[in-house]
Protein chains: 2
Amino acid sequence: MRISELSRRSGVPVATIKYYLREELLPKGEATSATQAVYSDAHLRRLRLIRALVEGAEAPLAKIRTILEAIDDTGIDLHRLLGTVQYALTPDTPHNDGPEWREAERSTDELLARLGWRVSPLSPARHQLTRTIVTLARVGYQVDPQTLDLYAEAVHTAAEHDVGRVDPAAPREQVVEYVAAMTALMDQALVSLHRLAQEDVSARRLRGGADC
Amino acid sequence: MRISELSRRSGVPVATIKYYLREELLPKGEATSATQAVYSDAHLRRLRLIRALVEGAEAPLAKIRTILEAIDDTGIDLHRLLGTVQYALTPDTPHNDGPEWREAERSTDELLARLGWRVSPLSPARHQLTRTIVTLARVGYQVDPQTLDLYAEAVHTAAEHDVGRVDPAAPREQVVEYVAAMTALMDQALVSLHRLAQEDVSARRLRGGADC
DNA sequence: TAGTTTTGGAGAGTAGTACTATCCAAAACA
DNA sequence: TGTTTTGGATAGTACTACTCTCCAAAACTA
């Protein structure tokens with residue numbers, strides 16, 4: 001198909017498709033002349049994945065490029081792919097170094113030790129958790145170990161399910177796209193549901209006269 | 001304290017503090033002359049909250065202003081405050097209308113009916129969940145009811161805990177700040193832990209030869 | 001065949017966001 | 001008295017993801 005049809009079928013404007021071509025997020029179409037090219041279903045699929053990462057994960061384009069390269073790397077193992085997606089989705093934030101940072105870091109380390117989770121010391125999510133603990137402490141809310149344990153147990157169930165759905169019998173292309181999409185987007189489902197749950201509990205407990 | 005001390009104690013540059021004053025995120029200090037003012041501990045606390053929302057929740061300043069106004073509204077009930085924070089944190093995204101949207105919307109509605117959660121039809125998190133389901137469907141991953149049920153159960157436990165920590169005996173100012181901070185920031189803790197859990201499960205199941 | 005539309009490619013422009021730098025007169029400090 | 005800090009105002013900056021414009025070649029249509 002030509003670029004206009006790709007645009008129509010994907011819902012992405014031609015100018016944006018051209019932009020993604022220039023940014024090398026989307027591979028070139030097959031040139032049929034110096035000024036013409038045709039695009040395949042693979043382009044449509046790739047475009048949909050890009051838009052999902054832009055809209056659903058609010059990932060910056062540079063980071064999306066990293067994810068796509070990992071997907072296209074035929075030698076990558078799935079664990080590494082999952083790690084690459086997580087890295088890409090985690091904003092670069094400054095490393096702090098002070099007593100409050102070290103205390104929060106200790107909370108994180110102790111939690112992971114208690115849980116026995118196999119997590120790299122370099123994992124960006126570690127850093128993010130530490131940072132969240134610091135941020136909450138700064139506004140007067142100490143996150144205690146019981147809270148962290150309870151949260152951890154909850155999300156581990158979800159994660160078992162996420163990873164359990166990886167189908168070893170499916171074509172590799174599908175598997176890697178599933179891992180990338182799941183890693184990038186199920187966080188958003190989790191957050192949405194968390195908010196819905198908060199609303200439900202709040203409606204029962206905090207609404208009206210129940211607010212002290 | 002003067003603005004330089006406020007800057008030193010908060011870690012926020014003077015220029016940024018002035019910016020927040022202009023943007024009316026931060027109330028004016030108490031003028032001691034035409035060109036001098038002093039700031040209280042309340043200013044320091046407010047500045048920390050602003051930075052927590054900027055850095056921890058990645059909330060746009062205009063939305064932070066909305067949250068702060070709700071906090072300062074002495075007549076607001078806590079349930080409404082929680083709703084206001086959630087609204088503020090949810091990006092405005094277009095409403096779609098097509099068969100795939102309606103199908104996803106039905107998934108969301110059925111889930112909430114199954115769960116019996118008290119959730120407003122206008123809740124932004126409803127819309128976000130629907131959108132996530134659509135986005136995942138577009139990249140080939142259908143989110144089934146079992147997945148949603150499992151996630152929902154997990155996060156409800158977390159939400160019970162979140163809301164259960166609201167202390168009716170504490171000063172109102174503290175309570176409203178806790179509700180706002182919790183609503184805005186515990187999502188990030190949840191996501192961080194979800195990612196750590198995924199890494200753990202992936203390490204067990206997907207690493208190396210386990211990838212088909 | 002001629003006029004119109006579409007294309008790849010290149011470059012410039014736009015909007016939004018959150019700051020950051022500069023300037024100035026008045027106040028505070030040493 | 002000279003230097004530093006202040007409130008206030010204004011302009012500038014960096015980043016991000018597009019979006020618009022132009023042009024020559026190719027494709028389409030009547």
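Every chain is numbered from 1 and lettered A, B, ... according to where its sequence line falls, protein lines coming before strand lines.
- At a threshold of 4.0 angstrom between heavy atoms, the contacts of B/R51 are confined to the sugar-phosphate backbone, with no base atom among them.
- Pairing each heavy atom of B/E55 with each of A/R131, the nearest pair is O-NH2, 3.3 Å.
- Within 4.0 Å (heavy atoms only), A/A37 reaches sugar-phosphate atoms of the nucleic acid but no base atom.
- The base of D/dT19 lies close enough to the side chain of A/R22 for a donor and an acceptor atom to sit less than 3.5 Å apart.
- Residues A/T93 and A/H127 bring a donor and an acceptor atom of their side chains to less than 3.5 Å of each other.
- Rounded to whole Å, atom P of D/dT6 lies 10 Å from atom CG of B/L6.
- Using modelled atom types and a 3.5 Å distance limit, the side chains of B/S123 and B/Q86 yield no donor-acceptor pair.
- Closest heavy-atom contact between B/L148 and B/I133: CD1-CD1, 4.1 Å.
- Taking atom CD of residue A/E5 and atom P of nucleotide C/dT7, one finds them 10 Å apart after rounding to whole Å.
- Both B/R2 and B/P60 lie near DNA chain C, and the one whose nearest nucleotide falls closer to the 5' end is B/P60.
- Per the geometry, CD belonging to A/E24 stands 14 Å off C1' belonging to C/dG9, to the nearest Å.
- Distances were taken from every side-chain heavy atom of B/T16 (C-beta onward) to each of D/dC18, D/dC28, C/dC19; the shortest belongs to C/dC19.
- For A/Y20, a side-chain nitrogen or oxygen approaches OP1 or OP2 of D/dC18 to under 4.0 Å.
- Relative to the side chain of A/A34, the nucleotides D/dC28, D/dG7, D/dA26 differ in distance, and D/dA26 lies closest.
- Between D/dG7, C/dT20, D/dA26, one nucleotide has an atom nearer to the side chain of B/T35 than all others, and that is D/dG7.
- If you take CG of B/L26 and C1' of C/dC19, they are 15 Å apart, rounded to a whole angstrom.
- Whole-Å rounding puts the B/E23 CD to C/dA18 P distance at 9 Å.
- The residue among A/P13 and A/S33 whose nearest nucleotide of DNA chain D lies closer to the 5′ end is A/P13.
- We find that CE of B/M1 is positioned 16 Å from C1' of D/dT5, with the value rounded to whole Å.
- Nearest to the side-chain atoms of B/Y19 among the listed nucleotides D/dT19, C/dG8, C/dT20 stands C/dT20.
- The interatomic distance linking A/E30 (CD) with C/dG8 (P) rounds to 13 Å, in whole Å.
- A/R51 and A/Y20 form a side-chain donor-acceptor contact under 3.5 Å, judged by distance and modelled atom types alone.
- Candidate nucleotides D/dC18, C/dT20, D/dT19 were compared by shortest atom distance to the side chain of A/V54, and D/dC18 ranks first.
- Proximity note for B/Q36 (side chain, C-beta onward) versus D/dA26, D/dG7, C/dA28: the nearest is C/dA28.
- Comparing D/dA26, C/dG9, C/dT7 by their closest approach to the side chain of A/K18 singles out C/dG9.
- With 3.5 Å as the limit, one finds a donor-acceptor pair spanning the side chains of A/Y151 and B/D162.
- Between B/I17 atom CD1 and D/dT6 atom C1' the separation is 12 Å, expressed in whole Å.
- Side-chain proximity of B/A15 to C/dT6, C/dA27, C/dA21: nearest is C/dA21.
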